[in-house]
Amino acid sequence: MSGDRFSTLKKFLRRFSKLLETVFFIFKKLLSERHFIYLACIVVSVTCAGAVILLKSFAHNVFLFATYINGYAKLPYINSILPIIGILLTVFVVRHFLNNRLEKGSSRILHAVAKKGGILPRKQMYAQIITSSLTVGLGGSAGLESPITITGAAIGSNFAQKYRLSKKDRILLLACGVAAGIGAAFNAPIAGVLFAIEVVLTDVAITAFVPIMISAATGAVVSTIMLNEDVLLSFRQQELFDFHNLPFYVLLGIIAGFTSVFHARNFQRVENYFNGFKQGGYRGAMFGASILALLIFLMPTLFGEGYESIKTLANDNPRILLDNTLLEKFRDNDWVLLVFLGITMFVKSIATGLTLGSGGNGGNFAPALFVGSYLGFILAKLVNMTGIDHQLPVGNFTVVGMAGILSGLFHAPLTAIFLIGEITGGYDLMVPLMIVSSISFAVSKQFETHSMDVKHLATSGDVFTSDKDKNILLNIDVLELVRTDDKTLLASDSIESLVNLLSGTRQKVFAVLDDKGNLEGIVDLADIRPIIFNSFRLKFATLKELVSPAKAVINLEDGLDTIMQLFEITDCEILPVISNGKFKGFISRIEVLEAYRNTFREMVIE
């Protein structure tokens, strides 16, 4: 009976999806291009906000469950067990349901913009939600914001692909998804707009601001309505800025810059170790997760995103962070507390590297806020404890420290400034936020040319390149070159179907598909001439005998430099294109070269 209900539900969802598609196609015909973009950015934002609500609620409820168990057992055994389960489940899902491949990190968005014209795989709309909820939701020491931004970007990209929008609008909707994700995750629409512009769209037109602002605001509104305030990272209003504290904010900015460099390099060192780890799969996951479990046992605040401990520090109630630890009996000793927090702060990069390197999924956004809050708290508390005739506002330094590390790690000072300004409920700390963020960014930039997310892409030349040919190819939209109106054949068709097509079209290459739209092979007129123009041989031939495998298949996500290499290797004039395993059309070498010539001419004129 339950099987029948599930089947009925699937049919209903399939019909509902078809109905929505029809409605949007009608809207696309009725509305102007700009108005359809406005509608699209709202749809993308609401969908992305739904993903945020799902992820955040799951992670928060698991944290409450673990906290309840810890309060009963008095030792964080469950905190250590849950991350192991989460990482192993993530590896299982990736291996058995995602073809053993999961693209992690917000750098995938930058790669898609620079190399693939804003095209992201459809599976990214759900793969990030599932894997990050298992990893971070069950206590992995990472953040949910990176998976959220990738999910939002994928939703925007695939919506644009579905309704065949231009490359410019596809990248715009991708950025709208990113803005909505940040806006919903922190209830910070301005930070969402700035992150999308500062990190994703380095070159942005004024006309792009409106859709991005609509998206960020929509994501924040939906998140505010649906999510409990306890789930979001927010603080009550801190003390006002006192200019007498200015030298200490400058010091915080300098230390934050060096700490950002340390965190980035330490994290990458741990992650790279696992990338070269011989015992991959479940053994590697178990090895890394076991070390992570030990660290969480010793330092329970490493469990999950760590936002609860950030709130605790900002509210100047840090002693409870020693509860359920081996140092619980020293909870009234401020020096023991500072040493514990300092060690936890520096170990966070190792914990995050273990989480992601051993097979889990997550990001470094939340760890950056975690490290920054700890750094700001330690500095302010240390100054207050040294007997200097000056008392610093601990809460202010805690929240401003988050902006310092965020700016230093991601090289996004504007996002850092306005994010912290929004989640603290006001902009009274704008001056120290600007000082700490800009100094941290300057120090970090001195030692790391690129942010931690972009560094490996820049090293491999996937984003920043001096190759002029590649730069021209990056400006060509692959989707516009795909011929989708070519006639196709089914594997079950007769030879007469092929003859009828040949007599009624100038097409020389035909795709042969199965019943599900998957490419089985091609029929090339150049190869079948001896049969097709011999009436005797044609009489006894079958279509199956004329089908040959394609010499190469282009994936819609491939960049044009890769496509040109395939043309060179195969010496073919036409190659088939697939997306998510389904046949989409053909790309012609001549049309690619013509697009190259036109793009080159436009760039020279400009």
Among residues at least two apart in sequence or on other chains, which ones pass side chain to side chain contact (heavy atoms under 4.5 Å, CB included) with A154?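 By the side chain to side chain contact (heavy atoms under 4.5 Å, CB included) rule, A154 matches L120, Q124, M125, N158.
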
Under the side chain to side chain contact (heavy atoms under 4.5 Å, CB included) test, residues paired with A217 that sit two or more places apart: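 Testing A217 for side chain to side chain contact (heavy atoms under 4.5 Å, CB included), a comparison that skips the adjacent residues, returns none.
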
Taking only residues two or more places apart in sequence, or in another chain, which ones meet K162 in a salt bridge (Lys or Arg N to Asp or Glu O under 4.0 Å)?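 Residues passing salt bridge (Lys or Arg N to Asp or Glu O under 4.0 Å) with K162: E21.
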
Partners passing side-chain hydrogen bond (donor to acceptor under 3.5 Å, both in side chains) against [X] (at least two apart in sequence or in another chain):
X: S373; result: none
X: S146; result: none
X: N555; result: none
X: S133; result: none

Restricting to pairs with a member in residues 360-371, which pass salt bridge (Lys or Arg N to Asp or Glu O under 4.0 Å), not counting sequence neighbours?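 Salt bridge (Lys or Arg N to Asp or Glu O under 4.0 Å) check on residues 360-371 returns no pairs.
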
Residue pairs, two or more places apart or on separate chains, that pass salt bridge (Lys or Arg N to Asp or Glu O under 4.0 Å) and touch residues 133-156: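 Non-adjacent pairs meeting salt bridge (Lys or Arg N to Asp or Glu O under 4.0 Å): K56-E145.
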
Could you pull out all residues at least two apart from F36 that satisfy ring pair (Phe, Tyr, Trp, His ring centres under 6.0 Å)?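 Counting only residues at least two positions away or on another chain, F36 forms no ring pair (Phe, Tyr, Trp, His ring centres under 6.0 Å).
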
For residues 135-144, run the donor-acceptor check on the side chains, cut-off 3.5 Å, and write out each pair with its distance to 0.1 Å, sequence neighbours left out.
{"unit_1": "T135", "atom_1": "OG1", "unit_2": "T90", "atom_2": "OG1", "d": "2.7"}
{"unit_1": "T135", "atom_1": "OG1", "unit_2": "T131", "atom_2": "O", "d": "3.1"}
{"unit_1": "T135", "atom_1": "OG1", "unit_2": "N361", "atom_2": "N", "d": "3.0"}
{"unit_1": "S141", "atom_1": "OG", "unit_2": "L302", "atom_2": "O", "d": "2.9"}
{"unit_1": "S141", "atom_1": "OG", "unit_2": "K348", "atom_2": "NZ", "d": "2.7"}

Do the rings of F92 and F97 sit parallel, tilted or perpendicular, given the 30° and 60° boundaries?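 Because their plane-to-plane angle is over 60°, the rings of F92 and F97 count as perpendicular.
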
For residues 25-33, please give each side-chain donor-acceptor pair under 3.5 Å, one per line with the distance, not counting sequence neighbours.
{"unit_1": "K28", "atom_1": "NZ", "unit_2": "Y163", "atom_2": "O", "d": "2.3"}
{"unit_1": "S32", "atom_1": "OG", "unit_2": "H35", "atom_2": "N", "d": "3.3"}
{"unit_1": "S32", "atom_1": "OG", "unit_2": "H35", "atom_2": "ND1", "d": "3.2"}

